[in-house]
Amino acid sequence: MNKLEEWDIPAAFHFRVTVGDAQVSFCEVSGIECSLEIEPVQSGGDNYNCFYVPKSRKFTDLVLKRGFVKKGDAFFNWCKDILAEPLSKESIKPKDVIVSLLSESEEPLVSWAFKHAYPVKWTLGKFDAMKNEIALETITLKYYSFKLLDL
């Protein structure tokens, strides 16, 4: 193995997002984070020592950004059906989401699976006549759990 292969660091801009069965393009993905909530417990009669007991896992929201797309877009329609239509049990249809960091040859180096995800917030970026920028939409997803997939 040569030194270049030892230090093969993946580029953060080369990723793929799959929502349900469809591949969807995004310019930014954030929120891949999990932490362990802990509870401090004082030892009986010992005022100087504290033990930390694991309580539960906490997941942050998955945030996806892309250029605003509306017409004929299945992902947009899925978000609209959940966020803009009257709320009912039938209107929330969770989907599994997979985010993969890719190699130069388009192969997943690492992937994260988000189970039972659904949109909870949709934001359209600000309009500014003084700037020449693309209108970006931001979609925030809640999910049941996520795990690192074995490749």
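- We find the CG-CD distance between Leu102 and Glu107 to be 8.5 Å, quoted to the nearest 0.5 Å.
- In terms of heavy-atom proximity, Trp122 sits nearest to Leu83 at CB-CD1, 3.7 Å.
- Rounded to the nearest 0.5 angstrom, Cys34 SG and Leu148 CG are separated by 11.5 Å.
- Here the CD-CD distance, from Glu85 to Glu90, works out to 13.5 Å after rounding to the nearest 0.5 Å.
- When atom types are taken as modelled, the side chain of Thr60 and the backbone of Gly31 share a donor-acceptor pair closer than 3.5 angstrom.
- The two residues Ser91 and Ile82 make their nearest non-hydrogen contact at O-CG1, 3.2 Å.
- The main-chain N or O of Lys93 is found under 3.5 Å from a side-chain atom of Trp78 such that the two form a donor-acceptor pair.
- Under the 30°/60° scheme for interplanar angles, the aromatic rings of Phe59 and Tyr143 are found to be tilted.
- Shown here is Asp21, whose CG atom has no more than 12 heavy atoms of other residues, nucleotides or ligands within 6.0 Å.
- Judged by distance alone, with hydrogens and angles left aside, the side-chain atoms of Asp96 form a donor-acceptor pair with the main-chain N or O of His116 at under 3.5 Å.
- Rounding to the nearest 0.5 Å gives a distance of 11.5 Å between CD of Glu33 and CG of Leu62.
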task: List the steps, then state whether side-chain contact (heavy atoms from CB on, under 4.5 Å) holds for Glu28 with Leu64.
output: CA-CA 6 Å; Glu28 185 178 315; Leu64 309 170; over 6 Å; no
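- Looking only at side-chain heavy atoms (C-beta outward), Val24 and Phe26 come within less than 4.5 Å of each other.
- Crowding of Leu124 atom CG: a count of heavy atoms from other residues, nucleotides or ligands under 6.0 Å exceeding 12.
- Ring centers of Tyr118 and Tyr144: at least 6.0 Å apart, outside the cut-off.
- Considering NZ of Lys55 and CG of Leu36, their distance stands at 10.5 Å, rounded to 0.5 Å.
- Stacking of Lys147 on the aromatic ring of Trp112 is not recorded, the 6.0 Å distance cut-off and the 45° axial limit not both being met.
- Heavy-atom neighbours of Lys121 NZ from other residues, nucleotides or ligands within 6.0 Å: at or below the threshold of 12.
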message: As a quick check of understanding, evaluate side-chain hydrogen bond (donor to acceptor under 3.5 Å, both in side chains) for Ser100 and Ser111, giving each step before the final call.
response: CA-CA 4 Å; Ser100 300; Ser111 294; 2.6 Å; yes
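- No donor-acceptor pair closer than 3.5 Å links the side chain of Thr18 to the backbone N or O of Ala22.
- A pairwise comparison of heavy atoms in Cys79 and Ile139 identifies SG-CG2, 3.9 Å as the closest pair.
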- prompt: Can you list the steps and then say if Val63 with Thr138 is a side-chain contact (heavy atoms from CB on, under 4.5 Å)?
  reply: CA-CA 7 Å; Val63 180; Thr138 303; 3.4 Å; yes
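- For the pair Arg16 (side chain) and Glu106 (backbone), a donor-acceptor distance under 3.5 Å is present.
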- request: Assess whether side-chain hydrogen bond (donor to acceptor under 3.5 Å, both in side chains) is satisfied between Glu37 and Ser56, documenting all intermediate values.
  value: CA-CA 5 Å; Glu37 290 184 327; Ser56 63; 3.0 Å; yes
- prompt: Stepwise, does the side-chain contact (heavy atoms from CB on, under 4.5 Å) test hold for Leu141 with Phe114?
  reply: CA-CA 10 Å; Leu141 302 177; Phe114 299 85; over 6 Å; no
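- In the hydrophobic clustering of ILVMFWY residues, with side-chain heavy atoms under 4.5 Å counting as a link, Leu136 and Val29 come out apart.
- In this structure, Ile92 is a member of the same hydrophobic cluster as Val19, with clusters built from ILVMFWY side-chain heavy atoms closer than 4.5 Å.
- Using a cut-off of 4.0 Å between Lys/Arg side-chain N and Asp/Glu carboxylate O, Glu137 and Arg66 are scored as salt-bridged.
- Of the inter-residue distances, the one linking Cys27 atom SG with Phe13 atom CZ reads 14.5 Å to the nearest 0.5 angstrom.
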- request: Let me see the working for Glu104 and His14 under side-chain hydrogen bond (donor to acceptor under 3.5 Å, both in side chains), right down to the final yes or no.
  value: CA-CA 8 Å; Glu104 289 180 14; His14 200 193; over 6 Å; no
